[in-house]
Each structure stands twice: as C-alpha cells, then as structure tokens.
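Notes for the one structure printed next.
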Number of protein chains: 2
Amino acid sequence: MARPRSFDPDQTLGALKALFWEKGYEGTSMQDIEAATGLGKQSLYRVWADKRAMYLAALASYARDEVTGLVQMLDGDGPPRARLAALLDGAVAQADRRGCFLCNASLDQAQANPDTQAQVQAMMQMSLAAFTRLAGGDAAKGAALNAGYNGLRGMSAAGLDRAVLRKAADGVLKLLET
Amino acid sequence: MARPRSFDPDQTLGALKALFWEKGYEGTSMQDIEAATGLGKQSLYRVWADKRAMYLAALASYARDEVTGLVQMLDGDGPPRARLAALLDGAVAQADRRGCFLCNASLDQAQANPDTQAQVQAMMQMSLAAFTRLAGGDAAKGAALNAGYNGLRGMSAAGLDRAVLRKAADGVLKLLET
DNA sequence: GTAATTCGTGACCAATCAGTCAATAATGAA
DNA sequence: TTCATTATTGACTGATTGGTCACGAATTAC
C-alpha cells in the first residue's frame, strides 16, 4: 500500500558497475552517478545507504557476472589448453582500457576499506583456484597462470598494442604445457 | 639576490611519490600533501604548478628509480634465470599492498590524463623490452614474463598469502625455461 | 645599510563533495 | 474515495576540494 519504485535497482546496478569500473571510487561523484543512472540522489540513497554501499554492490555484481564467467570458462569442456586459449583470446580481443574491476578495486580501495578488501580477496581466491584446477592441481602453475592473466589485462589497460598482447597471451599459454 | 628555498624539492618529491603511490591521485588531497611534506601550499605550488604536476613529477621519479632499477636487474650479470629469480624473490619478499605505482597510475589516471598515459606506456615498453632481452629476444616469452611479473605484484597488492605469491613466482620462473 | 626579489604563512575563494530534509506526487488497501 | 505509506524532486547543509592572494620574513647584490 505504497507507491512502487519506478526503476529497476538491478538495472541501475549495471550502470553503477560501469561507472565505478571506469572511473574508480574517488573518481566517481554522486553527480556522475545521478547523470549516468538518470535518477535523483534520494532514489539512490533509498536503495543503498551511501556511496560506499553502491560501490560494494557494484563490486559484488562484478563478482557475480565476470568472475563467475571466468571460472565457468576455465572449468568448461574440452582440453584445458583450449579453454585457456579462449580466455586469453577474449582478453586480447577485448583490449579495453578499464582493466579488471577487481584489480582496480584492490589497488585503490582495498586498503582504504576492509569490506572491499575482503571481497577482493575472496574473488582472487576463486580465480586462483580455477586456474589451479585448470593446471591439473599444480599450485605453482595455477598461481603463475593467474598472475599472467591479470598481468595481461593490466598491459591491456596500459594501452599496449594488441600485437604485444597477442604475444603475451601466447607466452602465457605455453606456461600450461611445461 | 633573493631568499633561498628552505627545503629540498627532490626530497619532497620522495614524499609525494610515497603518498600518490599509496593513495592514488584522487585519494590524495592537498591537505595530505601539506601534512606529509611539512610544507605550506604556497611553497609547493612555487615548485610545481598544480597537483597534477606533482603527480606527474612523482611518476617520473618512480620511473627514474624503480623502473630503471628493474631494468638494471634484468640486464645484470649472471645467468638469466638467476636474475629473474632475484627479481621475483624481491617482489615476494616485499609483498606490500601498494602494487606497482606505474600500474596503479595506468588504471586510475591514464585514461583521464594524456601525459600520464604517455609516461605509463613508455615505462611499460622499457620493462617489456628488458624482459624480452632476458628471454633471449623471444618476444612472446618476454611479454609473458612481463605479464607474470606485473600480475604477481597485483596479487601481492590484493593481499594474498606470501605462500601463494611464492608459488606464483616459481611458476613464472619456469616460464623462462620453456 | 638599502633596494630588489623571492619565500613562507595564514586567511581566503568559489566550486564541489557526500548526504539530508521538507514538500509533493503516486500508489495500494480498505 | 480516503488514508496510510512510500517514491521522487529540488533546495539546502556543512565539510572539503584545489587553488589564490596579500603580507611579513629572509636573503643577496650593490
């Protein structure tokens, strides 16, 4: 018996994720958020307590979508080498400048906020575990693959040529066959 | 024929580097800078035009110190494997939460500022070239090593256990011997 | 000593920050 | 329809942002 919300919070969360991913926590203002979502502050604050809650929700959304996707790809069907190749090819092909939201969060927010840190570590562990499974349980190989993949995305974010990214991906792929 | 400056800008630059490295551009306020350097705004602004100039100077200082150090270590004496091992051991032992200033800058500032982007790319190229030399000219291997090293530092920044970092370092080291 | 010039300090600026409040609009239950 | 309840809007808050200005202190050239 009350007025219903006129927007879909899940959809708004997508916009929040894109914003924070691109501009970081400090780099995103409430004004940016209002503009990107087309909503007033009050509507937003009614769903999330404050800006930090919006950020954490966006990060959780990233974990749900992207990290889960990564794990599924690594745990998928076919020979391990093909699965890894598909993942790396995707990273090379995308080649956006945003990097990995998770890694960005780790760098600029984790130390400033315990909740963020916990979420980042949990996601990193999931990714690490998936890479280790892919490497047939070889923990060193799994950890190195995880490092290689994250590093590749970092190089992509730095704006390196796609040719270089291609080579890096090839090199990382070889790591699986040692 | 005028009053001399009462502080050493180079020394101040060290404090600026540490600050921006730890907290990022947006996360560092002029108030923080005044506190960390013990100087008033006017003294700072007389040396650097604005906050952005301070950031770029700090980044350049990082390039001069750390990136040059990395390159020298990779180009040093002894068997390549030992040089790489020393670098990786250092990354594992340090295990701080700041990550690589260069990578942080790439992620949160490069897209917002062309000067930063240029500097980041130049440094990344230097690092990449050094890794490729280490790999005996094998571009794919060099790029993968670069990715692995940066990824390792990212994992360190994310706060993963040193044991995991150790394993990742071992895995990356194996990459050299393929 | 004196003039010229730069330095350092603290008050000050408009703009922006995240967040709040009061008033109005819209809805469903009765 | 009426009423209770929630959503939305926009004005507003105090705090903080990066940056400036004016003034007194310090120093060197002469």
Side-chain angles (χ1 to χ4, degrees), chain A residues 1-59 105 108-116, chain B residues 1-60 104-105 108-116:
Chain A
M1 56 192 190
R3 178 176 175 180
R5 196 174 278 128
S6 68
F7 63 96
D8 174 13
D10 277 342
Q11 197 173 328
T12 302
L13 195 53
L16 288 176
K17 181 174 70 176
L19 252 187
F20 283 125
W21 190 349
E22 187 189 340
K23 309 172 66 154
Y25 180 78
E26 317 265 11
T28 304
S29 70
M30 286 304 302
Q31 199 167 302
D32 293 333
I33 293 176
E34 288 186 77
T37 60
L39 299 171
K41 293 180 181 187
Q42 201 58 251
S43 301
L44 293 158
Y45 281 130
R46 216 166 278 267
V47 181
W48 298 281
D50 51 22
K51 188 185 165 186
R52 182 123 258 145
M54 296 177 206
Y55 183 79
L56 287 169
L59 201 54
D108 75 46
Q109 286 304 308
Q111 64 186 353
N113 184 269
D115 293 330
T116 308
Chain B
M1 56 194 193
R3 177 176 176 179
R5 196 175 277 129
S6 67
F7 63 96
D8 175 14
D10 277 343
Q11 197 172 328
T12 302
L13 195 53
L16 288 176
K17 181 175 71 176
L19 252 186
F20 283 125
W21 190 350
E22 186 189 341
K23 309 172 68 155
Y25 180 77
E26 317 265 11
T28 304
S29 70
M30 285 306 300
Q31 201 168 300
D32 294 333
I33 293 176
E34 288 186 76
T37 60
L39 299 171
K41 292 181 181 183
Q42 201 58 252
S43 302
L44 293 159
Y45 281 130
R46 207 157 263 144
V47 181
W48 298 281
D50 52 22
K51 187 184 166 188
R52 181 123 258 145
M54 297 177 206
Y55 183 79
L56 287 169
L59 200 55
N104 303 5
D108 74 46
Q109 286 303 308
Q111 64 187 354
N113 182 269
D115 292 330
T116 308

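Proteins get letters first, then strands, A, B, ... in listed order; numbering begins at 1 in each. The structure presented is a predicted model; accordingly, all values stated were derived computationally and were not measured.
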What distance do B:W48 atom CH2 and B:I33 atom CD1 have between them, rounded to the nearest 0.5 Å? 9.5 Å
Take the protein atom [atom1] of [X] and the nucleotide atom [atom2] of [N], then report the distance between them rounded to whole Å.
X	N	atom1	atom2	answer
A:K23	C:dT16	NZ	P	13 Å
A:E26	D:dG18	CD	P	11 Å
A:Y45	C:dG19	OH	P	4 Å
A:D50	C:dT20	CG	P	8 Å
B:K51	D:dG18	NZ	P	4 Å
A:L44	D:dT8	CG	P	9 Å
B:R52	D:dG18	CZ	P	11 Å
A:E34	D:dT9	CD	P	10 Å

Partner set under side chain to side chain contact (heavy atoms under 4.5 Å, CB included) for A:R5, not counting sequence neighbours: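 A:R5 satisfies side chain to side chain contact (heavy atoms under 4.5 Å, CB included) with A:F7, A:P9, A:V47 only.
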Going by the rule salt bridge (charged side-chain N to carboxylate O under 4.0 Å, His left out), which residues pair with A:D32 if we only count those two or more places apart in sequence or in a different chain? A:K23
For the side chain of [X] and the base of [N], is some donor closer than 3.5 Å to an acceptor across the two?
X	N	value
B:R46	C:dG8	yes
A:R3	D:dA7	yes
B:K41	D:dG19	yes

Going by atom type alone, with no hydrogens or angles, which donor-acceptor pairs under 3.5 Å involve a side-chain atom of residues 50-57 of chain A and a protein atom two or more places apart or on another chain?
| residue | atom | partner | partner atom | Å |
| --- | --- | --- | --- | --- |
| A:D50 | OD1 | A:R52 | N | 3.4 |
| A:D50 | OD1 | A:A53 | N | 3.0 |
| A:K51 | NZ | A:Y25 | O | 3.1 |
| A:K51 | NZ | A:T28 | O | 2.7 |
| A:R52 | NH2 | A:Q109 | OE1 | 2.2 |

The criterion is side-chain hydrogen bond (donor to acceptor under 3.5 Å, both in side chains); which residues satisfy it with A:D115, sequence neighbours excluded?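 Counting only residues at least two positions away or on another chain, A:D115 forms no side-chain hydrogen bond (donor to acceptor under 3.5 Å, both in side chains).
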Partner residues of A:T116 under the side-chain hydrogen bond (donor to acceptor under 3.5 Å, both in side chains) criterion, sequence neighbours left out: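 Partners of A:T116 under the side-chain hydrogen bond (donor to acceptor under 3.5 Å, both in side chains) test: A:N113.
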Any side-chain N or O of [X] under 4.0 Å from OP1/OP2 of [N]?
X	N	result
A:Q31	C:dC17	yes
A:S43	D:dT8	yes
B:S29	D:dT16	no

4.5 Å side-chain heavy-atom contact, A:T37 and A:L19: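 No, too far: nothing below the 4.5 Å cut-off.
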Go through residues 4-16 of chain A and report each residue with a non-hydrogen atom lying under 4.0 Å from DNA chain D, sorted by number.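 Heavy-atom contacts with DNA chain D come from A:P4, A:R5, A:S6, A:F7.
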Nearest-nucleotide comparison on DNA chain C, the residue closer to the 5′ end among A:M30 and B:L39: B:L39
